[in-house]
Amino acid sequence: MDIYVDTANLEEIRQAAALGVLDGVTTNPSLISKEGEVDFHAHLKAICEIVPGPVSAEVTATDHDGMVAQARTLAGLAENIVVKVPCTVEGLRACKSLSDKGIKTNMTLCFQPMQALLVAKAGAFLVSPFIGRIDDISGDGMELIQQIRQIYDTYGFETKILSASIRHPMHAVQSALLGADVATIPYKVIAQLMNHPLTDIGLKKFLADWEKIRG
Ligand code: E4P
């Protein structure tokens, strides 16, 4: 499973890249706005210079023509930009137009399996089921990952499933077990994935015993 970091913060992206296991980055308008009044395009270029893998950047137009125009501009910023487009009717049309032009898309805000099937038919590179937001309203986000995996495997779709809206380590564990191709994870949660109290206790004991022998 590929690991992306879900942030627009350059320092967090540098820290995640330094781990040596980072495959890409996802941003969205909310994450960009958290960075203050940055120049959107310059900021994206800076991210693409840190991470050579796919960097998702989202359109803000909601109509087909507007989305395609914005997507062309975003895709022109760097070779590794993937354009995020919402799973709406207009977004589906834009996905097909962009795929036909060779522009990679990440179809975002996916909440039900048929959205995933349709965007795969339209040539999406990635689809982003938002599992945490489904759990937030007492649904089962992981069930959506499992359903999309089954549909894609049944029909041989090559669109990659990107588990998004990950809130805690178990979302990442379950995404991996269910065969998500990618998980995009906040930096804090990536760090939590390597934490275990028994690792800390075991290491402390090893070092204490080592000191006894050396003493
Ligand atoms: C990723 O592509 C999404 O934009 C992100 O995971 C959304 O996460 P949130 O539901 O925590 O805002």
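Whatever order the structure lists them in is the order used to number ligands and atoms, beginning at 1. These figures come from a predicted structure and were not determined experimentally.
In terms of protein heavy-atom proximity, atom 3 (C) of ligand 1 is closest to Phe130 CZ, 3.4 Å. Taking atom 11 (O) of ligand 1 as the reference point, the nearest protein heavy-atom neighbour is Arg167 NH1, 2.6 Å. Shortest contact from atom 8 (O) of ligand 1 to any protein heavy atom: Ser165 CA, 3.4 Å. Among all protein heavy atoms, the one lying closest to atom 5 (C) of ligand 1 is Asp6 OD2, 3.0 Å. Ranking protein heavy atoms by distance to atom 4 (O) of ligand 1, first place goes to Asn28 ND2, 2.7 Å.
Just one of Thr27, Ile185, Val25, Leu31 meets the side-chain contact (heavy atoms from CB on, under 4.5 Å) condition when paired with Asp6; it is Leu31.
Using a non-hydrogen distance threshold of 4.0 Å, Thr108 does not register as a contact of ligand 1. Ligand 1 lies less than 4.0 angstrom from a heavy atom belonging to Lys84.
Remark: ligand 1 atoms within the under-4.0 Å shell around heavy atoms of Arg133 are 7 (C), 9 (P), 10 (O), 12 (O). Contact atoms of ligand 1 toward Thr26: 1 (C), 2 (O) (distance under 4.0 Å to a heavy atom of the residue).
Ala8 approaches His43 most closely through the heavy-atom pair O-NE2, 2.6 Å. Nearest heavy atom pair, residue Leu22 against residue Ile13, reads CD2-O, 4.3 Å.
In this pair, Phe157 and Tyr155 present their aromatic rings tilted. The plane angle is within the 30 to 60° band.
Judged by distance alone, with hydrogens and angles left aside, the side-chain atoms of Asp181 form a donor-acceptor pair with the main-chain N or O of Ile161 at under 3.5 Å. For Gln70 (side chain) and Thr60 (main-chain N/O), a donor-acceptor pair under 3.5 Å exists by modelled atom type. No donor-acceptor pair under 3.5 Å is formed between the side chain of Asp23 and the backbone N or O of Asp2.
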